[in-house]
Amino acid sequence: MSQLEEFLQQVDSVQDREEKILIVTGKPGSGKSRVLREASEAKGWSYVDCRLLITEKFLELLPTERAEMASKIMKEVLSGYNSDVVLLDRVQTFFVPVFHIDVKRLLTELGKSFTIVVAWPGYVKDDTLCYDKFDGTESIKMPADNLKIWEVK
């Protein structure tokens, strides 16, 4: 079975969940983004760079409002893509502290309206998604409970 076929099976496996979220992990250069782009071409799904979800409307909000309004604003943007499956790359964009985004909450909310596939730029350890910053500061950690995770080898 090809990597793309295996990936498509993983996406299919989350379709019946209340929160349809698939997290794709793997070492740098393992092919996370490549398999998302291939699936986008093969299935017509929307491949979205998360930087495009940080809109002017979002940035105009007070920092205290951003966490509350992020899912609503980003849902509106994703609805414009006209795709039930959304492939999100560069999710580390959401980790920027000034955005005040609760990434788990955001993905959970988006996963109720779309099938969300996220190329996670880190790894899983002890049922926690981890992303180590390159500047040596503390890593980003997010509970992986109730999330389907597929590792690209």
Side-chain angles (χ1 to χ4, degrees), residues 1-55 57-58 61 65-97 99-132 139-153:
M1 176 182 319
S2 75
Q3 188 178 54
L4 178 59
E5 291 170 326
E6 188 177 341
F7 173 74
L8 294 176
Q9 282 184 347
Q10 294 295 320
V11 173
D12 195 46
S13 75
V14 299
Q15 295 292 332
D16 293 331
R17 292 178 169 211
E18 182 180 343
E19 296 152 1
K20 301 171 289 296
I21 305 166
L22 174 64
I23 305 292
V24 179
T25 64
K27 295 178 181 174
S30 62
K32 297 180 297 291
S33 296
R34 180 184 46 75
V35 77
L36 267 64
R37 287 190 299 270
E38 286 177 3
S40 174
E41 285 183 29
K43 302 294 276 183
W45 295 336
S46 295
Y47 175 86
V48 180
D49 183 319
C50 288
R51 294 177 294 186
L52 298 175
L53 298 177
I54 305 298
T55 62
K57 185 175 181 179
F58 177 78
L61 295 172
E65 298 174 314
R66 289 178 180 165
E68 189 64 38
M69 297 298 294
S71 63
K72 181 179 184 224
I73 291 171
M74 293 181 193
K75 252 188 235 182
E76 290 172 6
V77 174
L78 293 177
S79 293
Y81 283 93
N82 206 19
S83 178
D84 290 339
V85 177
V86 179
L87 310 168
L88 296 178
D89 207 354
R90 298 185 191 264
V91 72
Q92 60 268 38
T93 301
F94 296 154
F95 303 152
V96 175
F99 292 156
H100 299 275
I101 296 174
D102 178 335
V103 178
K104 175 78 182 258
R105 179 178 169 197
L106 173 64
L107 295 177
T108 299
E109 287 300 312
L110 294 177
K112 292 176 182 176
S113 300
F114 310 94
T115 298
I116 298 292
V117 179
V118 178
W120 185 265
Y123 56 94
V124 180
K125 182 178 179 183
D126 301 327
D127 205 29
T128 301
L129 287 161
C130 304
Y131 169 65
D132 294 333
S139 65
I140 302 292
K141 296 183 189 297
M142 185 175 89
D145 55 313
N146 299 321
L147 296 175
K148 173 80 173 173
I149 298 172
W150 179 64
E151 183 177 358
V152 175
K153 306 251 184 203

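Here the structure is a predicted model, which is why all the values come from computation and not from measurement. Both backbone and side-chain heavy atoms feed into the values below; hydrogens, waters and symmetry mates do not.
- If you take CZ on Phe58 and CE on Met69, they are separated by 10.0 Å, rounding to the nearest 0.5 Å.
- To the nearest 0.5 Å, atom CG of residue Leu110 and atom CZ of residue Phe114 are 7.0 Å apart.
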- Message: Between Leu107 and Met142, does the side chain to side chain contact (heavy atoms under 4.5 Å, CB included) criterion hold? Intermediate values first, please.
- Response: CA-CA 11 Å; Leu107 295 177; Met142 185 175 89; 4.1 Å; yes

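- Distance check, rounded to the nearest 0.5 Å: CD of Glu18 to OG1 of Thr108 gives 10.0 Å.
- Taking the six-membered ring for Trp and the full ring otherwise, the centers of Phe94 and Trp120 sit at least 6.0 Å from each other.
- Among all heavy-atom pairs drawn from Cys130 and Lys125, the shortest one is SG-CB, 4.3 Å.
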Side-chain polar contacts of residues 144-153 - donor-acceptor pairs under 3.5 angstrom, sequence neighbours left out - could you list them?
from	atom 1	to	atom 2	distance (Å)
Asp145	OD1	Lys104	NZ	3.1
Lys148	NZ	Gln10	OE1	3.4
Trp150	NE1	Glu6	OE2	3.0

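- The distance from the CG atom of Leu53 to the NZ atom of Lys75 is 13.5 Å, given to the nearest 0.5 Å.
- Residues Leu52 and Thr55 approach most closely at O-CG2, 3.8 Å, considering heavy atoms.
- A donor-acceptor pair is defined here as one N or O able to donate and one able to accept, closer than 3.5 Å; such a pair exists between the side chain of Ser2 and the backbone of Glu5.
- Counting heavy-atom neighbours within 6.0 Å of Glu68 CD, excluding the residue itself, gives a total of 12 or less.
- Between Phe95 and Tyr131, the angle of the ring planes lies from 30° to 60°, which puts this pair in the tilted group.
- Using a 4.5 Å heavy-atom threshold, the side chains of Lys20 and Val85 count as separate.
- The minimum heavy-atom distance linking Gly44 with Ser83 is given by the pair O-OG, 4.2 Å.
- Legend: salt bridge (Lys or Arg N to Asp or Glu O under 4.0 Å) pairs involving residues 28-53, not counting sequence neighbours, sorted by first then second residue: Arg34-Glu38, Asp49-Arg51, Asp49-Arg90.
- Contact of the Tyr81 side chain with the Val48 side chain is registered, since non-hydrogen atoms from C-beta on lie closer than 4.5 Å.
- Evaluated for a side chain to side chain contact (heavy atoms under 4.5 Å, CB included) with Val118, the options Val91, Leu87, Asp89 yield exactly one hit, Val91.
- Between the side chain of Ser40 and the main chain of Trp45, a donor-acceptor pair closer than 3.5 Å is present.
- The line from CD1 of Ile73 to CG of Leu78 is 12.0 Å long, rounded to the nearest 0.5 Å.
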- Would you sort out whether Leu36 and Val24 count as a side chain to side chain contact (heavy atoms under 4.5 Å, CB included), showing the intermediate values? CA-CA 9 Å; Leu36 267 64; Val24 179; 4.3 Å; yes

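- Of all heavy-atom pairs between Leu4 and Ala42, the closest is CD2-CB, 4.3 Å.
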- Show the numbers, then the answer: is there a side chain to side chain contact (heavy atoms under 4.5 Å, CB included) between Leu129 and Thr25? CA-CA 9 Å; Leu129 287 161; Thr25 64; 4.1 Å; yes

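- With a 4.5 Å cut-off on side-chain heavy atoms, Leu88 and Met74 do not count as touching.
- Taking CG of Asp12 as the start and CD of Gln9 as the end, the distance is 8.0 Å to the nearest 0.5 Å.
- For Glu109, the salt bridge (Lys or Arg N to Asp or Glu O under 4.0 Å) partners two or more places apart in sequence, or in a different chain, are Lys112.
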